[in-house]
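A short write-up of the structure that comes next.
We name chains A, B, ... by the order of the sequence lines, and we start the count at 1 in each one.
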Number of protein chains: 2
Amino acid sequence: MSNNQFKRGELYSVINGMASTAVARRLQKNFRQAGLEITIEQWSVLYHLWKEDCLSQQELCNRTFRDKPSITRLIDNLEKQKLVKRTASQTDRRINLVCLTDAAKELQSQTIDLANQTMNEALVGVTKDEIETVKQVFQRVYDNLT
Amino acid sequence: MSNNQFKRGELYSVINGMASTAVARRLQKNFRQAGLEITIEQWSVLYHLWKEDCLSQQELCNRTFRDKPSITRLIDNLEKQKLVKRTASQTDRRINLVCLTDAAKELQSQTIDLANQTMNEALVGVTKDEIETVKQVFQRVYDNLT
DNA sequence: GACATATAGTTAGTTATGCAACTAATTTCA
DNA sequence: TGAAATTAGTTGCATAACTAACTATATGTC
(Lines give C-alpha, C1' and ligand atoms only; values in the text may rest on other atoms or scores of the structure.)
Protein backbone atom coordinates (compact mmCIF):
# COMPACT_ATOMS: atom_id res chain seq x y z
CA MET A 1 0.00 0.00 0.00
CA SER A 2 1.43 3.28 -1.12
CA ASN A 3 2.45 5.81 1.42
CA ASN A 4 -0.02 8.46 0.39
CA GLN A 5 -3.05 6.32 -0.25
CA PHE A 6 -6.28 7.63 1.20
CA LYS A 7 -7.93 5.48 3.76
CA ARG A 8 -11.18 4.25 2.32
CA GLY A 9 -13.28 6.24 4.71
CA GLU A 10 -11.66 9.44 3.51
CA LEU A 11 -11.96 8.86 -0.20
CA TYR A 12 -15.31 10.44 -0.61
CA SER A 13 -14.46 13.96 0.32
CA VAL A 14 -11.89 14.14 -2.42
CA ILE A 15 -13.94 12.50 -5.13
CA ASN A 16 -17.00 14.48 -4.42
CA GLY A 17 -15.27 17.78 -3.83
CA MET A 18 -17.80 18.73 -1.20
CA ALA A 19 -15.94 21.89 -0.34
CA SER A 20 -15.95 23.26 -3.87
CA THR A 21 -19.58 22.21 -4.21
CA ALA A 22 -20.38 24.20 -1.09
CA VAL A 23 -18.54 27.24 -2.46
CA ALA A 24 -20.36 26.98 -5.76
CA ARG A 25 -23.72 26.68 -4.06
CA ARG A 26 -23.04 29.70 -1.88
CA LEU A 27 -21.86 31.80 -4.78
CA GLN A 28 -24.95 30.83 -6.76
CA LYS A 29 -27.10 31.85 -3.81
CA ASN A 30 -25.29 35.17 -3.52
CA PHE A 31 -25.86 35.85 -7.21
CA ARG A 32 -29.54 35.10 -6.83
CA GLN A 33 -29.91 37.31 -3.79
CA ALA A 34 -28.27 40.15 -5.70
CA GLY A 35 -30.88 39.66 -8.43
CA LEU A 36 -28.38 38.21 -10.92
CA GLU A 37 -29.93 35.56 -13.12
CA ILE A 38 -26.79 33.70 -14.11
CA THR A 39 -25.56 30.27 -13.08
CA ILE A 40 -22.07 29.88 -11.76
CA GLU A 41 -21.19 27.76 -14.79
CA GLN A 42 -22.20 30.65 -17.03
CA TRP A 43 -20.27 33.01 -14.77
CA SER A 44 -17.15 30.87 -15.09
CA VAL A 45 -17.32 31.30 -18.87
CA LEU A 46 -17.84 35.06 -18.58
CA TYR A 47 -14.92 35.15 -16.16
CA HIS A 48 -12.54 33.94 -18.82
CA LEU A 49 -13.99 36.31 -21.41
CA TRP A 50 -13.49 39.24 -19.05
CA LYS A 51 -9.83 38.29 -18.92
CA GLU A 52 -9.67 37.97 -22.71
CA ASP A 53 -12.63 38.68 -24.95
CA CYS A 54 -13.61 36.89 -28.17
CA LEU A 55 -12.21 33.44 -27.51
CA SER A 56 -13.08 30.43 -29.64
CA GLN A 57 -15.29 27.78 -28.10
CA GLN A 58 -12.35 25.38 -28.12
CA GLU A 59 -10.26 27.86 -26.18
CA LEU A 60 -13.08 28.20 -23.66
CA CYS A 61 -13.11 24.40 -23.33
CA ASN A 62 -9.43 24.45 -22.45
CA ARG A 63 -9.67 27.29 -19.98
CA THR A 64 -12.77 26.08 -18.16
CA PHE A 65 -11.86 22.36 -18.23
CA ARG A 66 -15.16 21.57 -19.93
CA ASP A 67 -15.85 19.48 -23.02
CA LYS A 68 -17.22 20.81 -26.28
CA PRO A 69 -20.89 19.93 -25.87
CA SER A 70 -20.92 21.60 -22.45
CA ILE A 71 -19.49 24.78 -23.90
CA THR A 72 -21.88 24.69 -26.84
CA ARG A 73 -24.83 24.68 -24.49
CA LEU A 74 -23.43 27.19 -22.05
CA ILE A 75 -22.87 29.55 -24.97
CA ASP A 76 -26.38 28.79 -26.26
CA ASN A 77 -27.80 29.86 -22.91
CA LEU A 78 -25.55 32.89 -22.58
CA GLU A 79 -26.61 33.94 -26.06
CA LYS A 80 -30.29 33.58 -25.14
CA GLN A 81 -29.65 35.93 -22.22
CA LYS A 82 -27.86 38.30 -24.59
CA LEU A 83 -24.62 38.17 -22.62
CA VAL A 84 -22.42 36.89 -25.44
CA LYS A 85 -22.57 36.71 -29.21
CA ARG A 86 -21.06 34.13 -31.57
CA THR A 87 -19.16 35.55 -34.54
CA ALA A 88 -17.65 33.43 -37.29
CA SER A 89 -13.88 33.82 -37.53
CA GLN A 90 -12.69 35.63 -40.66
CA THR A 91 -9.68 33.38 -41.11
CA ASP A 92 -11.10 29.95 -40.22
CA ARG A 93 -14.75 29.39 -40.82
CA ARG A 94 -14.88 26.40 -38.48
CA ILE A 95 -14.29 28.71 -35.56
CA ASN A 96 -16.87 30.67 -33.56
CA LEU A 97 -15.49 33.60 -31.67
CA VAL A 98 -17.48 34.20 -28.51
CA CYS A 99 -17.61 37.90 -27.61
CA LEU A 100 -19.11 39.75 -24.66
CA THR A 101 -22.04 42.12 -25.05
CA ASP A 102 -22.19 45.43 -23.22
CA ALA A 103 -24.65 43.90 -20.77
CA ALA A 104 -22.08 41.25 -19.84
CA LYS A 105 -19.35 43.83 -19.41
CA GLU A 106 -21.51 45.57 -16.84
CA LEU A 107 -21.79 42.39 -14.81
CA GLN A 108 -18.07 42.08 -14.30
CA SER A 109 -17.27 44.14 -11.25
CA GLN A 110 -20.46 43.30 -9.38
CA THR A 111 -20.07 39.54 -9.77
CA ILE A 112 -16.38 39.52 -9.06
CA ASP A 113 -17.03 41.41 -5.85
CA LEU A 114 -19.58 38.78 -4.89
CA ALA A 115 -17.12 36.02 -5.74
CA ASN A 116 -14.39 37.59 -3.62
CA GLN A 117 -16.83 38.06 -0.76
CA THR A 118 -17.88 34.43 -1.03
CA MET A 119 -14.28 33.25 -0.98
CA ASN A 120 -13.64 35.36 2.11
CA GLU A 121 -16.55 33.71 3.90
CA ALA A 122 -15.36 30.29 2.75
CA LEU A 123 -11.76 30.79 3.83
CA VAL A 124 -12.22 32.09 7.35
CA GLY A 125 -9.57 30.42 9.47
CA VAL A 126 -7.57 29.10 6.52
CA THR A 127 -4.00 30.35 6.17
CA LYS A 128 -2.24 31.56 3.07
CA ASP A 129 0.13 28.60 3.18
CA GLU A 130 -2.72 26.15 3.38
CA ILE A 131 -4.36 27.75 0.35
CA GLU A 132 -1.08 27.50 -1.50
CA THR A 133 -0.83 23.80 -0.66
CA VAL A 134 -4.39 23.12 -1.82
CA LYS A 135 -3.70 24.83 -5.12
CA GLN A 136 -0.51 22.86 -5.67
CA VAL A 137 -2.20 19.57 -4.85
CA PHE A 138 -5.11 20.38 -7.17
CA GLN A 139 -2.75 21.16 -10.00
CA ARG A 140 -0.71 18.05 -9.35
CA VAL A 141 -3.76 15.79 -9.29
CA TYR A 142 -5.05 17.39 -12.44
CA ASP A 143 -1.70 16.92 -14.18
CA ASN A 144 -1.44 13.33 -12.98
CA LEU A 145 -4.75 12.45 -14.57
CA THR A 146 -4.66 14.34 -17.86
CA MET B 1 -8.39 43.03 1.70
CA SER B 2 -8.16 39.98 3.87
CA ASN B 3 -4.90 38.21 4.15
CA ASN B 4 -6.02 34.95 2.70
CA GLN B 5 -8.17 36.19 -0.15
CA PHE B 6 -7.64 34.45 -3.44
CA LYS B 7 -6.32 36.54 -6.24
CA ARG B 8 -8.98 36.80 -8.88
CA GLY B 9 -7.09 34.74 -11.38
CA GLU B 10 -6.94 31.85 -8.94
CA LEU B 11 -10.55 31.77 -7.92
CA TYR B 12 -11.71 29.46 -10.60
CA SER B 13 -9.76 26.40 -9.66
CA VAL B 14 -11.33 26.41 -6.24
CA ILE B 15 -14.87 27.08 -7.33
CA ASN B 16 -14.83 24.59 -10.11
CA GLY B 17 -12.90 21.92 -8.28
CA MET B 18 -11.13 20.82 -11.41
CA ALA B 19 -9.03 18.34 -9.50
CA SER B 20 -11.94 16.48 -7.98
CA THR B 21 -13.71 16.61 -11.34
CA ALA B 22 -10.67 15.00 -12.92
CA VAL B 23 -10.64 12.29 -10.26
CA ALA B 24 -14.33 11.63 -10.75
CA ARG B 25 -13.93 11.43 -14.50
CA ARG B 26 -11.04 9.00 -14.22
CA LEU B 27 -12.86 6.79 -11.74
CA GLN B 28 -15.92 6.72 -13.98
CA LYS B 29 -13.71 5.71 -16.88
CA ASN B 30 -12.09 2.96 -14.82
CA PHE B 31 -15.51 1.62 -13.87
CA ARG B 32 -16.56 1.57 -17.49
CA GLN B 33 -13.40 -0.18 -18.61
CA ALA B 34 -13.98 -2.83 -15.98
CA GLY B 35 -17.46 -3.36 -17.40
CA LEU B 36 -19.24 -1.79 -14.43
CA GLU B 37 -22.37 0.08 -15.42
CA ILE B 38 -22.64 2.42 -12.45
CA THR B 39 -22.03 6.15 -12.27
CA ILE B 40 -19.74 7.51 -9.64
CA GLU B 41 -22.66 9.29 -8.02
CA GLN B 42 -24.41 5.96 -7.64
CA TRP B 43 -21.19 4.46 -6.37
CA SER B 44 -20.89 7.15 -3.72
CA VAL B 45 -24.30 6.14 -2.38
CA LEU B 46 -23.39 2.45 -2.39
CA TYR B 47 -20.16 3.36 -0.63
CA HIS B 48 -22.05 4.64 2.39
CA LEU B 49 -24.38 1.64 2.38
CA TRP B 50 -21.41 -0.72 2.40
CA LYS B 51 -20.25 1.00 5.54
CA GLU B 52 -23.74 0.79 7.07
CA ASP B 53 -26.64 -0.88 5.32
CA CYS B 54 -30.30 0.15 5.37
CA LEU B 55 -29.98 3.88 5.91
CA SER B 56 -32.88 6.27 5.46
CA GLN B 57 -32.83 8.58 2.44
CA GLN B 58 -32.37 11.54 4.78
CA GLU B 59 -29.34 9.90 6.33
CA LEU B 60 -27.92 9.33 2.84
CA CYS B 61 -28.48 13.04 2.13
CA ASN B 62 -26.41 13.94 5.17
CA ARG B 63 -23.62 11.52 4.45
CA THR B 64 -23.28 12.26 0.74
CA PHE B 65 -23.88 16.04 1.02
CA ARG B 66 -26.73 15.83 -1.49
CA ASP B 67 -30.24 17.23 -1.28
CA LYS B 68 -33.37 15.15 -1.04
CA PRO B 69 -34.45 15.23 -4.68
CA SER B 70 -30.96 14.13 -5.75
CA ILE B 71 -31.09 11.15 -3.41
CA THR B 72 -34.63 10.28 -4.46
CA ARG B 73 -33.49 10.03 -8.05
CA LEU B 74 -30.22 8.25 -7.36
CA ILE B 75 -32.16 5.65 -5.39
CA ASP B 76 -34.71 5.41 -8.23
CA ASN B 77 -31.91 4.56 -10.62
CA LEU B 78 -30.15 2.20 -8.24
CA GLU B 79 -33.46 0.42 -7.71
CA LYS B 80 -33.96 0.09 -11.49
CA GLN B 81 -30.55 -1.60 -11.65
CA LYS B 82 -31.57 -3.84 -8.75
CA LEU B 83 -28.70 -2.69 -6.57
CA VAL B 84 -30.82 -1.38 -3.69
CA LYS B 85 -34.35 -1.83 -2.42
CA ARG B 86 -36.55 0.62 -0.53
CA THR B 87 -38.30 -0.77 2.55
CA ALA B 88 -40.76 1.19 4.67
CA SER B 89 -39.59 1.64 8.24
CA GLN B 90 -41.64 -0.28 10.81
CA THR B 91 -41.48 2.47 13.38
CA ASP B 92 -41.92 5.60 11.25
CA ARG B 93 -43.89 5.25 8.10
CA ARG B 94 -42.45 8.42 6.59
CA ILE B 95 -39.07 6.76 6.35
CA ASN B 96 -37.72 4.59 3.53
CA LEU B 97 -34.87 2.36 4.52
CA VAL B 98 -32.53 1.82 1.58
CA CYS B 99 -30.93 -1.61 1.68
CA LEU B 100 -28.33 -3.29 -0.55
CA THR B 101 -29.15 -6.28 -2.71
CA ASP B 102 -26.80 -9.24 -3.04
CA ALA B 103 -25.73 -7.92 -6.45
CA ALA B 104 -24.60 -4.66 -4.84
CA LYS B 105 -22.70 -6.47 -2.12
CA GLU B 106 -20.69 -8.25 -4.80
CA LEU B 107 -19.63 -4.95 -6.31
CA GLN B 108 -17.97 -3.72 -3.14
CA SER B 109 -14.45 -5.08 -3.25
CA GLN B 110 -14.02 -4.68 -6.99
CA THR B 111 -15.07 -1.04 -7.07
CA ILE B 112 -13.19 -0.09 -3.94
CA ASP B 113 -10.04 -1.55 -5.46
CA LEU B 114 -10.63 0.57 -8.55
CA ALA B 115 -11.20 3.64 -6.40
CA ASN B 116 -7.99 3.06 -4.46
CA GLN B 117 -6.09 2.51 -7.68
CA THR B 118 -7.51 5.74 -9.10
CA MET B 119 -6.53 7.67 -6.00
CA ASN B 120 -3.01 6.27 -6.24
CA GLU B 121 -2.71 7.48 -9.82
CA ALA B 122 -4.13 10.85 -8.84
CA LEU B 123 -1.84 11.35 -5.85
CA VAL B 124 1.53 10.53 -7.39
CA GLY B 125 3.98 13.07 -5.99
CA VAL B 126 1.64 14.33 -3.27
CA THR B 127 2.78 13.86 0.32
CA LYS B 128 0.76 12.62 3.26
CA ASP B 129 1.00 16.00 4.93
CA GLU B 130 -0.30 17.78 1.87
CA ILE B 131 -3.26 15.40 1.73
CA GLU B 132 -3.92 16.09 5.37
CA THR B 133 -3.89 19.83 4.74
CA VAL B 134 -6.29 19.53 1.80
CA LYS B 135 -8.70 17.50 3.88
CA GLN B 136 -8.59 20.03 6.72
CA VAL B 137 -9.13 22.97 4.39
CA PHE B 138 -12.04 21.20 2.69
CA GLN B 139 -13.66 20.50 6.02
CA ARG B 140 -13.09 24.06 7.18
CA VAL B 141 -14.57 25.56 4.01
CA TYR B 142 -17.52 23.24 4.22
CA ASP B 143 -18.11 24.16 7.86
CA ASN B 144 -17.73 27.86 7.14
CA LEU B 145 -20.48 27.73 4.56
CA THR B 146 -23.02 25.42 6.16
C1' DG C 1 -5.95 18.26 -57.46
C1' DA C 2 -7.86 14.58 -54.55
C1' DC C 3 -8.28 11.62 -50.83
C1' DA C 4 -7.31 10.84 -45.87
C1' DT C 5 -6.98 12.90 -41.59
C1' DA C 6 -7.55 16.33 -38.12
C1' DT C 7 -10.07 20.10 -36.00
C1' DA C 8 -14.28 23.06 -34.59
C1' DG C 9 -18.61 22.83 -33.40
C1' DT C 10 -23.55 20.65 -32.94
C1' DT C 11 -27.09 17.23 -31.71
C1' DA C 12 -29.24 13.31 -29.23
C1' DG C 13 -29.69 10.52 -25.22
C1' DT C 14 -28.95 9.50 -20.30
C1' DT C 15 -27.82 10.95 -15.73
C1' DA C 16 -27.35 14.37 -12.24
C1' DT C 17 -28.06 18.94 -9.75
C1' DG C 18 -30.78 22.84 -7.63
C1' DC C 19 -35.09 25.00 -6.51
C1' DA C 20 -39.92 25.23 -5.49
C1' DA C 21 -44.06 23.20 -4.60
C1' DC C 22 -46.25 19.27 -3.20
C1' DT C 23 -48.16 14.84 -0.14
C1' DA C 24 -48.10 12.07 3.85
C1' DA C 25 -46.82 10.93 8.45
C1' DT C 26 -45.30 12.48 12.92
C1' DT C 27 -44.57 15.62 16.71
C1' DT C 28 -45.59 19.73 19.49
C1' DC C 29 -48.28 22.17 22.42
C1' DA C 30 -52.26 25.03 23.61
C1' DT D 1 -57.70 16.21 21.60
C1' DG D 2 -56.82 18.79 17.60
C1' DA D 3 -54.64 22.41 14.93
C1' DA D 4 -49.99 24.00 13.66
C1' DA D 5 -45.48 22.99 12.73
C1' DT D 6 -41.94 19.73 11.48
C1' DT D 7 -39.94 15.91 8.99
C1' DA D 8 -39.44 12.39 5.06
C1' DG D 9 -39.90 11.79 0.66
C1' DT D 10 -41.61 12.85 -4.36
C1' DT D 11 -42.46 15.51 -8.57
C1' DG D 12 -41.88 19.22 -12.11
C1' DC D 13 -38.94 22.33 -14.31
C1' DA D 14 -34.53 24.36 -15.83
C1' DT D 15 -29.59 23.83 -16.27
C1' DA D 16 -25.51 21.17 -16.81
C1' DA D 17 -22.42 16.97 -17.41
C1' DC D 18 -20.56 12.94 -20.35
C1' DT D 19 -20.61 9.90 -24.42
C1' DA D 20 -21.18 8.93 -29.06
C1' DA D 21 -22.31 10.12 -33.49
C1' DC D 22 -22.69 13.67 -36.57
C1' DT D 23 -21.55 18.03 -40.11
C1' DA D 24 -18.47 21.29 -41.97
C1' DT D 25 -14.10 23.26 -42.73
C1' DA D 26 -9.14 22.99 -42.98
C1' DT D 27 -4.69 20.63 -43.53
C1' DG D 28 -1.35 17.24 -45.20
C1' DT D 29 0.37 14.23 -48.54
C1' DC D 30 0.73 11.49 -52.55
Nearest 0.5 Å please: distance from the [atom1] atom of [X] over to the [atom2] atom of [Y].
X      : Y      : atom1 : atom2 : result
B/T101 : B/Q81  : OG1   : CD    : 10.0 Å
B/S109 : B/L114 : OG    : CG    : 9.5 Å
A/Q42  : A/T111 : CD    : OG1   : 12.0 Å

Select one nucleotide: of [options], the one nearest the side-chain heavy atoms of [X].
X     : options                : result
A/T39 : C/dG18, D/dT15, D/dT10 : D/dT15
B/N77 : C/dT17, C/dA24, C/dT15 : C/dT15
A/N96 : C/dA8, C/dC19, C/dG9   : C/dG9
B/R73 : D/dA8, D/dC18, C/dT17  : C/dT17
B/I95 : D/dA8, D/dT10, C/dG9   : D/dA8
A/R93 : D/dG9, D/dT25, C/dT17  : D/dT25
A/E41 : D/dA17, D/dT19, D/dT7  : D/dA17
B/Q57 : D/dT10, D/dT19, C/dA8  : D/dT10

Considering every strand and a 4.0 Å limit on heavy-atom distances, what is the contact class for [X]: base, sugar-phosphate, or nothing?
X     : value
B/Q42 : sugar-phosphate
B/D92 : sugar-phosphate
B/L74 : sugar-phosphate

Under the salt bridge (charged side-chain N to carboxylate O under 4.0 Å, His left out) test, residues paired with [X] that sit two or more places apart:
X     : answer
A/D67 : none
B/R94 : B/D92
B/R26 : B/E121
B/E52 : B/R63

To the nearest Å, how far apart are [X] [atom1] and [N] [atom2]?
X     : N      : atom1 : atom2 : answer
B/I40 : C/dT14 : CD1   : C1'   : 16 Å
A/N30 : C/dC19 : CG    : P     : 12 Å
A/R25 : C/dT17 : CZ    : P     : 10 Å
B/F31 : C/dT15 : CZ    : C1'   : 15 Å
A/I71 : C/dA8  : CD1   : P     : 14 Å
A/I75 : C/dA8  : CD1   : C1'   : 13 Å
A/I38 : D/dA16 : CD1   : C1'   : 15 Å
B/R94 : C/dC22 : CZ    : C1'   : 16 Å

If the condition is side chain to side chain donor-acceptor pair (under 3.5 Å), which residues does B/E79 pass it with, not counting sequence neighbours?
B/R86

Give a yes/no on whether any side-chain N or O of [X] is located under 4.0 angstrom from OP1 or OP2 of [N].
X     : N      : answer
A/T72 : C/dG9  : no
B/R66 : C/dC19 : no
B/S70 : C/dT17 : yes

Output the pairing pattern of DNA chain C as a dot-bracket string, 5' first, Watson-Crick or G-U wobble with both distances under 3.5 Å, | for cross-strand pairs, [ ] for crossing pairs.
||||||||||||||||||||||||||||||

I want to confirm an ordering. Mapping A/R32 and A/Q58 to their closest nucleotides on DNA chain C, which one lands closer to the 5' end?
A/Q58

By nearest-heavy-atom nucleotide on DNA chain D, the more 5' of A/P69 and A/T91 is A/P69

Have B/Q117 and B/D113 got a donor and an acceptor in their side chains that come within less than 3.5 Å?
no

